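All remarks here apply to the structure that follows.
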Amino acid sequence: MGLKDNVMVFMAAFYALIALASAIDDGASRRMVCHYTTWSQGRSGGASYRVENVPGNLCTHVVYNFIGIDEDTYKLVPLQREIDIVQDGFGRFVDLKKTYPELKTTIAVGGWGHGGTKFSKMAAFRDRRKIFVQSVVNFLEEYGFDGLEIAWLYPGNPERGGNSNDKDNLIYLVEELKRAFQSRGRGWEVTVQVPLDKTRLAIGYDIEDLCDAAHFVHLIGYDMRGWWNNFADVHSPMADRSHDVANFRGINVRDGVQHLLTNRCTPGKMVLGVALFGRTYMLANSQQNSIGSRTTGPGPAGTYTHEAGYLGYCEICRKFLSRSPIAQSPWPKLWDDVGLCPYTYRGREWIGYEDEQSLQEKVNLVKEKQLAGIYAFSLDLDDYLGDCASEPYPLTRKLYEYVKETKDCGNIGGFFNRDEC
């Protein structure tokens with residue numbers, strides 16, 4: 001073979017390598033979706049959390065929570081007009097892209113407090129959906145958001161204002177939003193929050209059709225347990241434990257993800273949600289403090305979150321600090337070896353939560369199943385003040401390592417080191 005032939009072979013191999021590296025880059029790009037909550041700015045003193053605190057360098061997407069549906073007009077409506085409009089919350093949020101040009105901003109409609117009745121009424125008729133869809137398009141155009149997240153909790157559930165028609169109507173709504181978005185040609189996305197609880201899935205979600213219709217589905221991988229169950233437990237277990245019987249069997253992150261995959265949801269559309277908060281309980285007997293122990297109600301409200309049965313990681317981590325005024329006696333750091341989550345207790349107060357180790361277990365599952373990425377709820381619940389770590393946002397930073405890793409794996413160097421990618 002002559003010199004010319006060798007050069008041609010070399011060039012062909014080189015260009016093939018470049019093309020392969022480019023393909024790897026496209027496939028390796030992963031989502032880290034962060035959530036911002038407007039109500040967290042109401043915390044007193046230096047604990048107030050505002051739009052300008054959002055660490056856009058640790059997120060690929062960030063979601064503004066929440067906007068609502070007007071029950072009479074079926075249009076989008078601000079839920080906190082003072083923050084959203086008067087203080088220009090929407091505008092300031094979208095302006096994050098000036099500081100972080102690659103960041104995508106999304107608006108979430110609904111949420112737990114919003115309920116499901118307004119969704120159900122709006123989605124029930126085509127004319128109402130048309131009004132809603134147009135209002136969404138107008139909103140995205142006016143403020144410059146990059147998409148809409150539907151947080152309808154939960155379709156088909158009569159206790160949440162739902163009915164049996166919600167399952168089909170949700171599909172129609174998502175399809176009509178997607179068509180309207182595509183017609184504008186601006187790359188807008190429609191995403192949908194979906195529970196991992198198989199009972200809720202059965203009554204409100206046609207999994208395969210919904211996954212086909214939406215750009216992405218955000219899997220709620222938390223709040224599977226809580227003080228309302230009357231026994232102490234971590235709220236985002238990875239697998240069944242010995243006490244998970246009857247209705248609790250299979251209600252865990254791994255089985256929930258697998259259920260969607262089995263029902264033909266494309267893994268590349270699935271984003272696993274993780275919590276930056278814990279669920280708290282009051283034990284019936286302080287001497288009976290293992291997982292599954294009987295409880296009598298929610299634990300006390302926190303300094304920042306002000307909700308019984310619920311603490312942000314920013315409140316939980318301070319309990320372990322020797323200098324903290326609330327660390328009067330030790331809070332042991334314990335681990336659920338099967339559920340792969342941490343918990344702690346002191347006296348009658350019991351807390352199941354997430355830490356860097358448990359979040360890594362979720363990341364491992366995302367990588368194993370080749371899902372699209374992770375979303376974290378919410379930024380203001382992480383240790384955003386840096387009270388417990390060398391840098392603020394220790395949990396968010398831990399999750400972003402996964403995104404950075406996949407970015408690194410997308411270059412030619414990553415091609416030669418695929419075992420670590």
Side-chain angles (χ1 to χ4, degrees), residues 28 30-35 58-60 194-198 217-226 232-244 248-262 265 267 270-279 290-292 311-313 316-317 320 332-344 350-379 381-383 388-389 393-406 409 419-421:
R30 290 293 179 261
R31 295 181 167 231
M32 172 57 186
V33 183
C34 302
H35 281 253
L58 299 179
C59 316
T60 61
V194 175
L196 291 184
D197 183 324
K198 60 180 182 289
V217 291
H218 286 186
L219 314 181
I220 307 172
Y222 46 88
D223 275 350
M224 299 177 182
R225 312 285 191 277
D233 206 348
V234 297
H235 67 99
S236 54
M238 287 290 287
D240 282 337
R241 289 74 45 85
S242 60
H243 66 277
D244 290 320
F248 294 100
R249 193 77 178 165
I251 307 300
N252 61 72
V253 175
R254 178 173 286 277
D255 285 347
V257 167
Q258 187 57 51
H259 181 72
L260 268 79
L261 292 172
T262 300
C265 191
M270 294 165 58
V271 176
L272 179 61
V274 299
L276 306 186
F277 62 85
R279 286 294 177 181
S290 60
I291 289 179
L311 288 176
Y313 181 75
I316 297 168
C317 71
F320 302 119
K333 292 185 178 182
L334 304 171
W335 183 252
D336 179 351
D337 290 329
V338 180
L340 304 180
C341 288
Y343 64 97
T344 188
W350 200 101
I351 307 170
Y353 62 106
E354 296 274 18
D355 64 6
E356 288 94 334
Q357 184 180 353
S358 64
L359 291 178
Q360 183 61 52
E361 297 294 344
K362 269 76 174 179
V363 167
N364 292 345
L365 177 64
V366 169
K367 293 167 68 174
E368 174 191 336
K369 300 298 183 181
Q370 298 184 319
L371 306 187
I374 289 175
Y375 84 78
F377 193 89
S378 57
L379 288 168
L381 299 174
D382 199 352
D383 178 25
C388 307
Y393 302 104
L395 300 188
T396 305
R397 289 180 188 278
K398 180 63 178 179
L399 293 170
Y400 191 73
E401 286 178 6
Y402 160 66
V403 176
K404 186 178 183 301
E405 171 190 298
T406 54
C409 288
D419 289 343
E420 294 185 10
C421 296

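None of these values were measured; they are calculated from a predicted model.
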Approximate separation, where rounding is to 0.5 Å, of [X] [atom1] and [Y] [atom2]:
X	Y	atom1	atom2	value
Trp350	Leu334	CH2	CG	8.5 Å
Leu276	Asp382	CG	CG	5.5 Å
Leu272	Leu196	CG	CG	7.0 Å
Ile220	Asp197	CD1	CG	10.0 Å
Tyr343	Asp336	OH	CG	7.0 Å
Leu365	Met238	CG	CE	4.5 Å

If you take all heavy atoms of [X] and [Y], which pair is closest and at what distance?
X	Y	result
Leu58	Arg397	CD1-CG, 3.7 Å
Arg30	Thr60	O-CG2, 3.7 Å
Asp337	Trp335	OD1-CD1, 3.1 Å
Thr396	Cys34	CG2-SG, 4.4 Å
Leu260	Pro195	CD1-O, 4.5 Å
Gly278	His235	CA-NE2, 3.9 Å

Is any side-chain heavy atom of [X] less than 4.5 Å from a side-chain heavy atom of [Y]?
X	Y	answer
Val253	Glu361	no
Val363	Leu399	yes
Ser236	Met224	no
Pro237	Val338	no
Asp240	Arg249	yes
Tyr313	Pro394	yes

Before giving the answer on side chain to side chain contact (heavy atoms under 4.5 Å, CB included), spell out for Val234 and Arg241 the whole-Å C-alpha distance, their side-chain angles and the decisive distance to 0.1 Å.
CA-CA 11 Å; Val234 297; Arg241 289 74 45 85; 3.8 Å; yes
Before accepting this row, confirm whether a basic side-chain N of the pair Lys333/Asp355 lies closer than 4.0 Å to the acidic partner's carboxylate O.
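No, Lys333 and Asp355 are not salt-bridged.
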If the threshold is 4.0 Å, N to carboxylate O, is there a salt bridge linking Glu401 and Lys398?
yes
Check the pair Gln360, Asn364 against side-chain hydrogen bond (donor to acceptor under 3.5 Å, both in side chains), reporting the backbone distance first and the verdict last.
CA-CA 6 Å; Gln360 183 61 52; Asn364 292 345; 2.8 Å; yes
Please determine whether side chain to side chain contact (heavy atoms under 4.5 Å, CB included) holds for the pair Asp255 and His259, giving the CA-CA distance in whole Å, both sets of side-chain angles, and the decisive distance to 0.1 Å.
CA-CA 6 Å; Asp255 285 347; His259 181 72; over 6 Å; no
Verdict with supporting geometry, Tyr402 and Lys367, side chain to side chain contact (heavy atoms under 4.5 Å, CB included)
CA-CA 9 Å; Tyr402 160 66; Lys367 293 167 68 174; 3.5 Å; yes
After noting the C-alpha distance and the side-chain angles of Lys362 and Glu354, does the key distance pass the side chain to side chain contact (heavy atoms under 4.5 Å, CB included) rule?
CA-CA 10 Å; Lys362 269 76 174 179; Glu354 296 274 18; 3.1 Å; yes
Give me the ring orientation class for Tyr375 and His35: parallel if the planes are under 30° apart, tilted from 30 to 60°, perpendicular past 60°.
tilted
Hey, can you tell me if Phe277 and Phe377 have their rings parallel, tilted or perpendicular (30° and 60° cut-offs)?
perpendicular
Who pairs with Glu356 by salt bridge (charged side-chain N to carboxylate O under 4.0 Å, His left out), at least two apart in sequence or on another chain?
none
So, the side chain of Thr262 versus the backbone of Gln258: is there a donor-acceptor pair under 3.5 Å, distance only?
yes
Test item: Asp233 side-chain N/O and Arg225 main-chain N/O as donor-acceptor pair under 3.5 Å
no
Looking at Phe248 versus His243, is the centre-to-centre ring distance below 6.0 Å?
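Distance test on ring centres: not under 6.0 Å, no.
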